[in-house]
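This report concerns only the one structure given below.
All ligand and atom numbering here is 1-based and tracks the order in the structure.
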Amino acid sequence: MTVKILSITLLLLSVCFLTFYLSDTRVRGPGSNRPCCVGVDKDNRTAEVVGETYREQAARGHCVKAIIFNTKKGPLCADPKAQWVKDLTAKMRKV
Ligand SMILES: *[C@@H]1O[C@H](CO)[C@@H](O)[C@H](O)[C@H]1NC(C)=O
């Protein structure tokens with residue numbers, strides 16, 4: 001009897017562990033593997049921004065909420081609360 005209860009407990013534990021493991025893998029799986037902003041720039045970088053589109057990133061895991069602009073050097077993570085960012089996005093198109 002005790003052995004039976006023990007095996008059921010073990011079974012439930014492994015199911016829990018497996019569920020956790022699988023959902024954890026899905027979070028890090030393909031698609032969400034894209035690099036994300038882990039910090040934002042608060043300085044006015046208006047002069048460096050190129051193009052007329054920007055992207056918006058939601059906070060998720062170690063990623064922070066950010067506006068992503070393009071610059072000649074690559075993507076720029078900007079603070080959505082900064083005034084220069086608000087000024088720029090008002091003139092640009094979200095993609
Ligand atoms: C940021 O800099 C641009 C020019 O580089 C300027 O036109 C703009 O007014 C500045 N914005 C703020 C909020 O300082």
Review point. According to the ring pair (Phe, Tyr, Trp, His ring centres under 6.0 Å) rule, which pairs have a member within residues 53-95, sequence neighbours left out?
Key: F69-W84

**Study point:** Sequence-distant partners of D41, side-chain hydrogen bond (donor to acceptor under 3.5 Å, both in side chains), two or more places apart
**Key:** R45

Review point. Out of T46, N44, D43, whose heavy atom sits nearest atom 10 (C) of ligand 1?
Key: N44

Practice item. Give a yes or no on whether a salt bridge exists between E56 and K94, defined as a side-chain N under 4.0 angstrom from a carboxylate O. Key: yes

Revision key, fill the gap. re atom 13 (C) of ligand 1, the protein heavy-atom contact at minimum distance is W84 N, 3.8 Å

**Study point:** V64 backbone acceptor or donor facing Q57 side chain under 3.5 Å
**Key:** yes

**Study point:** atom 7 (O) of ligand 1: any protein heavy atom closer than 4.0 Å
**Key:** no

Point to revise | Check: Q83 N/O within less than 3.5 Å of ligand 1 N/O | key: no

